[in-house]
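Numbers restart at 1 for each chain; the letters A, B, ... are given by sequence-line order, proteins then strands.
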Amino acid sequence: MSGRAIFNKPLTRIIPALLVMLGLAFILSLAVGSSSAGLSDLLALSGGASSTAGGIILELRLPRALMALFAGIALASGGCVYQALLRNPLAEPYILGVSGGAAVGAIFGALVGLHSRPATVAMSFVFAMLAMIFVMRVARRRNYFLDSNILILAGVVLNTLFSALIVLFLSLIRDPQSQTVFFWLMGDLSSVTLAEAMAVAFPVLSVSAVLCLYGFRLNLIHLGEDAAKQAGITVEKDKWILFALASLAAALTVSFTGIIGFVGLLVPHAARRLFGADNRRLIPTAALCGGAFLLFCDTLARVVASPVELPTGVITAAFGVPFFLILLWRERNAP
Amino acid sequence: MRLEARNLKFSYGAETPIINGVDMLLEPGSMAALLGPNGSGKSTLLRLLCGLLTPSNGEILIDGRNLATINARERALCIASVFPGIYRQAAYTVRELAMMGRAAHMPFWGASSKDDEKQVDFALEATGMRPLEKRLISELSSGEMQRAQIAMALAQDAPIIMLDEPTAFLDLKHQMEILTLLRDLNREHGRSILCVSHDLNLLSKFFKLLFIMKSGKIHTQGRVCDVLTTQTMLDVFGVEVAIEKDNAGLVRIDVMVK
Amino acid sequence: MPLFLLVWLFASAVYAQERTVVDELGYSFTVKAFPKRVVSLAPEITEMIFAGGCGNRLVAASEYSDFPEAARKLPQVGSYARPDIEKIASYAPDLVIGSASGNPERSIARLRELGLNVYVIFPRDVKGALDSFRSVSELLGCGEHGFRLANALDARFESCKALPVEKSPEAIILFNLDPPISSGADTLSDDLLSWAGLSNILHDSSIRYPTISLEWIVSEDPEFIFLAIQSGDNNASAAFFDRFPNMQAVRKKQVIVVDPDLVSRAGPRLVQGAIVLREALVKARGKMP
């Protein structure tokens, strides 16, 4: 995590540029799809016309775009927080067992006959939160001190257990049901409704805003917990709040979208190289980049093999990895 | 700012207490060092005094106020401390590091004011780190890193600065640099310095006050020339030394090798 | 010609105690003339056996062998995708009948390694299903009942096709809604649609059971949408497309729920499936001049 930022401009110039990029990604997401509904139809919508194409955009593309935006923001900002708190470049919001828990919840729900969407979402969220609470409880030491190493260890171990459970449940599940669940496991934004996207909006945006405010304190905690404590930061309280909020946002979005990997891991790294490691800058920029990235990946997922639709998680991996390797390659001559 | 510890006790668990009844007094403007054999509890005492650990017994008073009743921010305005264990790979510049020392003066989200900038300028100049302020901390030498951390503590603008072995792993030149800096901070900027160290010879030349610890208690405390005696060295360290005092009152310690 | 075949079959059935057979994948082995203990590895095979009149020969069948009613009483030996090898072997069957489109090759191989006779069918389309039906009946020596039925079904299929239809209206069959899963080229349901006089909008898809985007279905706007959902609430399914009132199928009330077993099982009930699909078309045409 060393090195200089590529764009050292002040936030007041970067944020508007990122917002424009985000806006373009959003419009692209609405204007492009596996049908011929396009930009002109999008514009016609604002005129109040009701048509099949308009219906496609409003009913199908808009909820997806919104959820991609919110999930990207939640995952990327959460990723920054995790990487700073745990001082681990491989950390991301799923690491505390949130993704495994959500998957187990969804599949277990399908196994016991809960197929409806609200039931799946609820089971996912509950299991994800239970996993997080368990991991944090295990890592809690005397005086509410949170041991970061134990946190990672417990999270990884729990995720391993969950993976085994997922395989077990999948083998028990009746063939027809496994389709939906299997697709969800790889990140599926196709089932999102407008109501769901709106429900997620406020929690995700407010959590991300709070995480942005914690940027400076996060810098200090990242530097050293003793150094932060002696400088006047309430380190333990801050850690609890930060872990809880970041995991909450991740658990919320994963319940609706399934497991979309790489966003929480790679976007913070990319943003760090582009804009610097100061979390006051990093968290907001990473959040916006995350939203744009996921929007873009989702658009690709819908379009690249049309009419076949790929799970979004496949695209974030296929796209994210080479992109990140290029960033690393650029640094090969740096000290 | 006056720092006082009364009957301080501390243990990590149900084991034997590491700090077993410490009484000490640090007057404003002191230039003090904390010595003792390994395992005597020096680092632990320092952590207790600056509020990183909570004592199991006894109290710490700052100008008469109990440290336990002061919140983190206020405490940071009273005591700044420098410990090893900074995450060196963090991608912050020297200036950003120093600015972090201003945390207790800044709002929650860390926006710096002109005053903060001035204080950081001052801290960087006093520690001689101004030319290096744009350098990343991962690119600093050990001596520079130490000075950067002291700059951070200085920027914090607390009357008392505590340091845990600031000269460890440094070569002689850098040790001299740090100790000179600390002495200047004490003489010219009026800070109280409490420093844990091993280096008896250098210490005796820079510090006025010594606290010598043994087995969790303060064995001896007082002025350097009074406290550094062959008997004390034998009692505390179990080593025979020869002590020489010159006219300027500076003490030299020679280890007797048989 | 069919008569001659029948006579020849009776003769061989009566006089031969063992014969060599070759299954639809080209594997040959010898088997008893009238296998008494048969295990079916797929629901459609179970249906074929019962339809042929030899249901009493079955000692066990795979899960979901739920038609006819009598089949439900049979002990289950694992699923289509994972036959329970041990259990099958424990029944000491004279003959096991499996399907290449569902049972894994490894399971078939394993059963053969254990010394069991496994006959594998591979019906790729409607005609293929009928041929498999005939083969299975002949294999079991069920008598002419199976053949007669197969021929009758064949005739009905042909009559389906014979009905005049101008341009085939577009249709799609969905096996899952969330995400939408349909069938492309080289599938049973694709073939069924063309037999019923309909054109599968995914006919050119190289993926046999693709997961497609809802948006594409909406924009392709097929005249008929058949929902053959294998789990879940059918009433909820029917209302799935209501939020796109501009779609043809929604306007003309041609979003039709069908029993998935009728359109995806390569058994004798495929005819019913074709009829259901055909009836939808006829009813729709009947409304218009």
Side-chain angles (χ1 to χ4, degrees), chain A residues 1-5 8 10-11 83-89 141-145 148 209-238 241 268-269 271-273 275-284 331 334-335, chain B residues 12-13 43 46-47 49-54 70-93 96-112 134-139 148-149 152-153 155-156 158 160-164:
Chain A
M1 296 210 267
S2 63
R4 306 223 175 267
N8 237 324
L11 261 191
Q83 284 169 10
L85 284 177
L86 297 172
R87 289 188 207 106
N88 189 320
R141 298 272 154 262
R142 224 178 295 138
N143 293 325
Y144 288 95
F145 169 67
S148 301
V210 169
L211 293 181
C212 287
L213 284 180
Y214 266 91
F216 180 66
R217 295 169 85 92
L218 198 54
N219 284 348
L220 263 150
I221 299 176
H222 175 63
L223 187 71
E225 291 185 18
D226 283 341
K229 225 180 271 184
Q230 71 81 31
I233 307 287
T234 48
V235 170
E236 290 313 310
K237 191 167 99 181
D238 286 7
I241 293 175
H269 279 294
R272 203 174 288 116
R273 275 157 178 73
F275 306 114
D278 182 349
N279 284 293
R280 288 174 292 181
R281 285 161 64 90
L282 183 62
I283 299 181
E331 287 182 2
Chain B
Y12 278 111
S43 288
L46 207 67
R47 295 181 111 89
L49 292 176
C50 67
L52 289 185
L53 291 174
T54 322
I70 303 178
N71 72 27
R73 183 181 275 247
E74 270 194 71
R75 190 195 63 222
L77 295 172
C78 300
I79 306 174
S81 43
V82 176
F83 286 94
I86 294 272
Y87 184 57
R88 294 282 299 265
Q89 284 102 304
Y92 301 128
T93 62
E96 285 171 339
L97 182 74
M99 187 57 82
M100 289 194 211
R102 298 291 298 167
H105 301 268
M106 295 200 274
F108 188 91
W109 51 89
S112 58
K134 292 251 188 308
R135 192 80 72 83
L136 288 178
I137 60 176
S138 49
E139 294 166 2
Q149 281 190 255
M152 179 179 164
Q156 199 165 323
I160 302 174
I161 302 182
M162 299 189 187
L163 305 104
D164 192 353

Problem - Backbone of B:Y87 reached by a side-chain donor or acceptor of A:R87 within 3.5 Å - result: no
Practice task
Let me know if B:T54 has heavy atoms under 4.5 Å from chain A in its side chain, its backbone, both or neither.
Solution key: neither
Handout entry: Over all atoms of both residues, closest heavy-atom pair of A:L223 and B:Y92
Key = CD1-CD1, 3.9 Å
Exercise for the section: Just give me the residue among B:R73, B:M100, B:E96 that pairs up with chain A most often, heavy atom to heavy atom, under 4.5 Å. Expected result: B:M100
Fill in the blank from the handout: dist A:H222:NE2 -> B:I86:CD1 (nearest 0.5 Å) comes out at 11.0 Å
Practice task
May I ask you to check whether A:F216 and B:F108 place their ring centers less than 6.0 Å from one another?
Solution key: no
Completion exercise
Minimal heavy-atom distance between B:A91 and A:A277, with the atoms involved, is CB-CB, 3.7 Å
Fill in the blank from the handout: chain B shares the most heavy-atom pairs under 4.5 Å, among A:V235, A:L218, A:N219, A:L213, with A:N219
Exercise for the section: Please state whether the side chain, the backbone, both or neither of B:R47 comes within less than 4.5 Å of a heavy atom of chain A. Expected result: side chain
Problem - Under 4.5 Å from a heavy atom of chain A, the part of B:L77 involved - result: neither
Problem - Residue B:M162 versus chain A: region with a heavy atom under 4.5 Å - result: neither
Completion exercise
In terms of heavy-atom contacts, B:A103 and A:A231 come closest through CB-O, 3.7 Å
Handout entry: Pairwise side-chain contact, A:Q230 with B:Q156, heavy-atom cut-off 4.5 Å (strictly under)
Key = yes
